[in-house]
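What you see is a predicted model; the values in this text were computed from it and never measured. Numbers here are sequence positions counted from 1.
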Amino acid sequence: MKTDIRPYTREFYRGNRLPFLAALVCTLLMSLVSLMVSWLLQQLLDLMGGYQTGFTLGQLLLITLGMLAVLILALFINYLSIPSFNTRGISQYKAKIFQELTKKNICAFSTESASTYISALTNDIAAIEQGYLKNVFSLVESLLTFVGAMGLMLWYSPQLTLAAIGLTLLPLITSILTGNKMAQAEKDISRENETYTATLKDCLGGFSVIKSFQAEAQMLRLFQRDLQRLSKAQCRRQKMQILISALGSIAGIVAQLGVFLVGAYLALSGKGVTAGTTMVFVQLMNYVLSPIQTIPTCLAERKAAKALVQKAADLLGANVRENPDTEGEPLRDSISLKDLSFSYEPEKPVLKAINCTFSLGKKYAIVGSSGSGKSTLLNLLMAAYPDYAGSITFDEKELREIGSRSLYETVSVVQQNVFIFNATIRDNITMFSPFPQEAVDSAIRLSGLSALMEAKGEDYLCGENGCNLSGGEKQRISIARSLLKKSQVLLVDEATAALDAQTAFQISSAILDMEQTAIVITHALEEKLLRRYDRILTLKNGSITESGTFQELMDKKGYFYSLFTVSQ
């Protein structure tokens with residue numbers, strides 16, 4: 001079933017109807033002026049032929065000047081209104097897509113391709129703007145001139161067909177003279193687009209961090225900031241395009257009417273110049289042939305643009321938590337898993353009948369071989385997949401009934417691949433939200449970031465995905481985020497797997513020193529650390545095979561004992 005695209009197409013016109021109507025009225029005026037040119041030509045030609053037209057040459061000259069004045073006014077209004085309508089409509093459409101993106105599940109991009117959305121917000125936009133917005137005015141103008149020209153052609157009796165040569169010389173010269181300014185406008189677009197794309201990559205690459213730290217509004221604000229800069233550059237380019245087109249149109253009409261006025265003057269002066277209805281017919285034929293070529297193209301582009309909007313709407317409707325976000329309550333007692341089973345594919349279970357309880361304030365380690373279901377278990381606790389069997393309850397409330405905002409007030413996550421935004425160290429710790437300096441300083445101290453802050457300062461730029469930081473520094477920033485957020489439950493998924501032994505030990509110790517409940521997936525079976533956990537859960541083939549303290553599991557000499565012994 002296709003998603004309704006009207007909420008997306010409405011963004012093109014929301015608060016944007018005045019420039020749209022202004023541009024539409026100007027399009028009507030320009031079509032009328034174009035048809036009146038043919039009427040004026042007929043009057044001039046009849047006058048040159050000695051017929052009584054009811055107008056003198058002077059009167060026709062005044063009418064010509066009046067038509068040019070109306071045309072210039074209409075083009076000027078279009079110069080202001082069309083770029084405003086197009087850029088605002090497209091900006092609101094982009095913001096709508098990004099806003100809908102933030103509603104997806106925390107692990108949505110583990111199954112979806114981020115490049116699809118990057119394409120929807122970049123490459124597809126040009127086609128949508130041309131096909132869905134700009135072509136509206138082209139269609140209206142083409143239809144009006146076609147119908148009007150056909151009416152006039154039926155009124156007049158065309159006798160000759162001649163080609164009008166040289167009328168495009170003035171527009172061509174105008175285009176050449178303004179080419180440098182257009183090139184600079186394109187460079188400005190390219191520069192602003194680089195910044196916009198970098199921010200977009202940050203937002204999508206750090207999606208799980210944004211969700212778990214409830215920074216959607218802050219990231220939307222940053223996204224809209226760069227989007228506004230890009231939109232202004234695009235608006236300047238479109239104004240330049242309108243100006244070039246306007247100058248070309250004025251130059252073409254002036255050249256055409258100039259030929260007719262000079263011809264009328266020569267005819268009245270007895271210079272042997274004659275005129276006929278051929279020029280009028282040629283003029284009208286242009287208004288018939290051009291729409292025949294233009295209208296099918298416009299309709300095809302509009303259909304293609306609508307298909308792109310539909311594609312984006314369908315993608316955005318997937319992997320979204322549908323439950324309402326009600327006011328949440330702090331975790332009072334525990335998180336319980338009862339007969340929890342899950343599979344990504346039918347008949348291929350990843351977790352099988354998991355039963356365990358994570359009590360508030362305790363520390364838990366989850367160990368097991370690769371593919372045993374450890375990461376899947378943590379993802380389920382973060383509400384990544386709703387189609388599990390059994391139950392996950394926070395105190396007495398089922399996870400499916402807890403809204404995303406309420407859930408992420410209680411739970412946060414530290415992952416192996418920490419995402420660092422291309423911003424300052426402080427912004428990466430606070431996730432772009434305001435916090436008291438004392439709270440930030442405390443999080444920095446407890447996470448072991450004091451040395452880094454002393455060496456580089458809180459305004460140090462981390463680079464794209466933290467390229468200016470080490471792996472340990474990035475992990476400490478991730479821990480500082482959780483400390484600052486003060487969530488009750490911390491989920492840690494192989495956070496030290498890519499770090500050296502000393503740094504890994506320091507990071508793991510910092511996590512165990514935190515006051516929050518910690519559920520830690522660990523590959524490092526180090527006795528000093530394992531003894532500090534209140535309980536160790538051993539997963540094998542999707543099931544909990546053993547559970548107990550380090551000493552209890554060692555005394556059993558079962559699966560955990562084997563894992564630990566082999567790792568030494």
Least distance between heavy atoms, [X] atom then [Y] atom:
X	Y	value
G466	K474	O-CD, 3.8 Å
L227	A95	CD2-N, 4.4 Å
K374	G368	NZ-O, 3.1 Å

Carefully, step by step, assess F421 and F419 under the rule ring-ring contact (aromatic ring centres under 6.0 Å, His included).
-> CA-CA 7 Å; F421 297 92; F419 192 88; 5.0 Å; yes

From CA spacing to verdict: ring-ring contact (aromatic ring centres under 6.0 Å, His included), Y533, F550 | CA-CA 8 Å; Y533 287 99; F550 174 79; over 10 Å; no

Can you give the donor-acceptor pairs under 3.5 Å from side chains of residues 506-513 to other protein atoms, not counting sequence neighbours?
| from | atom 1 | to | atom 2 | distance (Å) |
| --- | --- | --- | --- | --- |
| Q506 | OE1 | R476 | NH2 | 2.7 |
| S508 | OG | A504 | O | 3.0 |
| S509 | OG | F505 | O | 2.9 |
| D513 | OD1 | R532 | NH2 | 2.6 |

Where at least one partner belongs to residues 434-457, residue pairs that pass side chain to side chain donor-acceptor pair (under 3.5 Å), sequence neighbours excluded = R426-Q437, Q437-D441

Taking the six-membered ring for Trp, are F560 and F564 parallel (under 30°), tilted (30 to 60°) or perpendicular (over 60°)?
-> parallel

Any pair with a residue in residues 544-563 that passes salt bridge (charged side-chain N to carboxylate O under 4.0 Å, His left out), sequence neighbours left out, goes on the list, sorted by first then second residue, please.
-> none

Of Y93, F223, F207, the one forming a ring-ring contact (aromatic ring centres under 6.0 Å, His included) with F98 is F223

Examine the side chains of T517 and Q488 and answer whether a donor and an acceptor come within less than 3.5 Å of each other.
-> no

Tell me yes or no: between the side chains of S231 and S91, is some donor less than 3.5 Å from an acceptor?
->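 Short answer, yes.
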
Got a salt bridge between D395 and K397, using NZ or NE/NH1/NH2 to carboxylate O under 4.0 Å?
->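 The answer is no: the pair does not qualify as a salt bridge.
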
Any Lys/Arg nitrogen of E527 or R531 sitting under 4.0 Å from an Asp/Glu carboxylate oxygen of the other?
->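 Salt bridge flag = yes for R531 with E527.
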
Give every donor-acceptor pair under 3.5 Å between a side-chain atom in residues 378-388 and any protein atom, sequence neighbours left out.
| from | atom 1 | to | atom 2 | distance (Å) |
| --- | --- | --- | --- | --- |
| N379 | ND2 | S375 | O | 3.3 |
| Y388 | OH | E398 | OE1 | 3.0 |
| Y388 | OH | E398 | OE2 | 3.2 |

List in chain and number order the residues that pass side-chain contact (heavy atoms from CB on, under 4.5 Å) with Q310, two or more places apart in sequence or in another chain; answer none if no residue qualifies.
->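 Once residues adjacent in sequence are excluded, the partners of Q310 under the side-chain contact (heavy atoms from CB on, under 4.5 Å) criterion are K2, T3, I5, D314.
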
Would you tabulate the side-chain donor-acceptor contacts of residues 534-544 under 3.5 Å, counting partners in other chains and residues two or more places apart, or write 'none'?
| from | atom 1 | to | atom 2 | distance (Å) |
| --- | --- | --- | --- | --- |
| D534 | OD2 | K363 | N | 2.7 |
| R535 | NH1 | S547 | OG | 3.1 |

Is the F12-F85 ring centre distance short of 6.0 angstrom?
->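 Aromatic pair excluded; centres sit 6.0 Å or further apart.
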
